[in-house]
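One-based numbering, in listed order, for ligands and for the atoms of each.
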Amino acid sequence: MKYLGSKRVLVDVLGRIASAVEAGAAVDLFTGTTRVAQELKRRGMTVTAVDTATYSKVLADCYIATDAETVDEHALAEALAELSALPGRRGYVTEVFCERSRYFQPKNGERIDAIRDRLETHWRDSPLFPVLLTSLLEAADRVDSTTGVQMAYLKRWAPRAHNDLALRRPELLRGAGAALLADALDVVDALPRTDFLYLDPPYNQHRYFTNYHIWETLVRWDAPETYGV
Ligand SMILES: C[S@@+](CC[C@H](N)C(=O)[O-])C[C@H]1O[C@@H](n2cnc3c(N)ncnc32)[C@H](O)[C@@H]1O
């Protein structure tokens with residue numbers, strides 16, 4: 001997923017450092033995409049991932065708090081197939097992000113609307129909910145028409161925006177972990193014993209919510225009023 005300050009390139013180095021000090025319990029206090037937390041979990045650590053963004057909480061529920069061993073793979077595959085087959089239906093995303101602006105092609109916006117509605121009505125209480133919603137967020141990210149931040153869309157369509165939205169199965173990880181939707185300052189003193197604490201706060205005054213408002217809206221599904229589109 002495209003994300004400001006994502007440590008996509010650094011994750012291996014960070015993971016090696018954590019392994020070198022034989023960390024058993026790790027905390028990623030500003031987890032964002034959860035990439036670093038994933039690497040630490042992949043290396044066998046028990047990870048707690050914290051962020052104030054609700055989309056980060058969903059990503060962390062999927063990749064960090066979900067133990068791949070406990071997932072019903074058959075049910076997951078069926079759910080992804082069913083959601084993928086849903087016909088598109090014009091809704092909030094289509095109207096706001098495809099017609100009044102150009103973040104997604106309408107064909108993809110309609111499918112995002114249909115899939116997200118279905119997740120709300122049929123999957124809200126399922127342990128698969130964060131996994132399926134992560135699949136939708138990542139699929140939408142692959143067909144958006146931005147530079148990677150959502151303050152603006154591109155004047156000319158990004159070539160990837162013409163592709164069809166495609167849900168993929170997130171690469172789930174084995175083991176236990178925790179996801180917290182919280183302010184780092186509120187939870188840092190109450191965290192469990194930690195061997196490795198990774199701190200990657202924002203670098204400037206721009207709030208992540210405004211740069212990633214579409215992900216916030218897709219997760220909250222609260223159809224906020226819009227302006228300036
Ligand atoms: C530089 S990014 C982290 C990127 C992350 N390491 C990655 O690889 O994706 C900073 C993150 O801090 C989060 N954040 C901002 N203020 C916060 C706070 N007070 N407590 C916890 N998280 C916060 C933002 O939502 C954002 O995801």
Side-chain angles (χ1 to χ4, degrees), residues 1-21 23 25-66 103 130-131 133-144 146-152 160 168 170-173 175 177-222 224:
M1 175 176 273
K2 300 181 288 299
Y3 201 63
L4 272 181
S6 167
K7 296 299 167 292
R8 190 171 48 85
V9 181
L10 268 185
V11 284
D12 183 55
V13 177
L14 294 168
R16 276 191 274 139
I17 293 171
S19 291
V21 298
V27 173
D28 183 0
L29 206 51
F30 300 86
T31 197
T33 59
T34 75
R35 278 204 179 95
V36 175
Q38 287 180 47
E39 177 65 17
L40 300 175
K41 183 178 175 188
R42 202 173 284 120
R43 288 170 177 267
M45 289 161 229
T46 302
V47 181
T48 301
V50 182
D51 205 288
T52 44
T54 56
Y55 54 81
S56 286
K57 171 71 161 62
V58 168
L59 298 173
D61 278 336
C62 169
Y63 289 115
I64 307 305
T66 299
Y103 285 94
V131 181
L133 186 47
T134 292
S135 176
L136 178 61
L137 290 171
E138 293 179 343
D141 180 61
R142 286 191 293 271
V143 294
D144 77 342
T146 73
T147 58
V149 291
Q150 297 168 353
M151 302 272 258
R160 66 173 172 273
R168 295 181 191 159
E171 291 296 322
L172 300 173
L173 299 165
L180 298 180
L181 176 66
D183 188 312
L185 289 176
D186 292 338
V187 295
V188 68
D189 289 331
L191 290 170
R193 194 187 70 83
T194 300
D195 304 311
F196 188 86
L197 184 61
Y198 178 64
L199 306 177
D200 186 16
Y203 317 119
N204 60 34
Q205 77 284 11
H206 295 301
R207 293 168 64 228
Y208 273 77
F209 294 131
T210 51
N211 278 318
Y212 297 102
H213 61 90
I214 298 178
W215 301 157
E216 277 297 300
T217 294
L218 270 186
V219 169
R220 297 183 191 205
W221 210 224
D222 54 357

[X] near ligand 1, heavy-atom distance under 4.0 Å?
{"X": "Val50", "result": "no"}
{"X": "Phe209", "result": "no"}
{"X": "Asp28", "result": "no"}

May I ask you to check whether [X] has an N/O atom sitting below 3.5 Å from an N/O atom of ligand 1?
{"X": "Asp200", "value": "yes"}
{"X": "Lys7", "value": "yes"}
{"X": "Thr33", "value": "yes"}
{"X": "Asp51", "value": "yes"}
{"X": "Ala184", "value": "yes"}

For [atom], which candidate among [options] provides the closest heavy atom?
{"atom": "atom 2 (S) of ligand 1", "options": "Tyr198, Phe30, Tyr208, Tyr55", "result": "Tyr208"}
{"atom": "atom 18 (C) of ligand 1", "options": "Leu199, Thr52, Asp186, Val9", "result": "Thr52"}
{"atom": "atom 15 (C) of ligand 1", "options": "Ser56, Pro202, Ala37", "result": "Pro202"}

For [Y], is there any backbone N or O sitting under 3.5 Å from a side-chain donor or acceptor partner on [X]?
{"X": "Lys41", "Y": "Val47", "value": "no"}
{"X": "Tyr103", "Y": "Gln150", "value": "yes"}
{"X": "Arg35", "Y": "Val9", "value": "no"}
{"X": "Ser135", "Y": "Val131", "value": "no"}
{"X": "Thr46", "Y": "Ala25", "value": "no"}
{"X": "Glu216", "Y": "Ala53", "value": "no"}

Just which atoms of ligand 1 are under 4.0 Å from any heavy atom in [X]?
{"X": "Thr31", "result": "5 (C), 7 (C), 9 (O)"}
{"X": "Tyr3", "result": "9 (O), 25 (O), 26 (C), 27 (O)"}
{"X": "Gly5", "result": "4 (C)"}
{"X": "Gly32", "result": "9 (O), 27 (O)"}
{"X": "Ala182", "result": "20 (N), 21 (C)"}

Lys/Arg N to Asp/Glu carboxylate O, Asp12 vs Arg43, below 4.0 Å
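Looking at Asp12 and Arg43, the cut-off is met.
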
Is there a side-chain contact between Asp28 and Thr34 in this structure, where contact means two heavy atoms from C-beta onward sitting under 4.5 Å apart?
no

Is there a side-chain contact between Leu4 and Asn211 in this structure, where contact means two heavy atoms from C-beta onward sitting under 4.5 Å apart?
yes

Quick check: closest heavy atoms across Ala184 and Leu29, and the distance to 0.1 Å?
CB-CG, 3.6 Å

Protein contact to atom 19 (N) of ligand 1 [nearest heavy atom, distance to 0.1 Å]
Asp183 OD1, 3.2 Å

In terms of ring plane angle, is the pair Tyr212 and Tyr3 parallel, tilted or perpendicular, where the classes change at 30° and 60°?
tilted

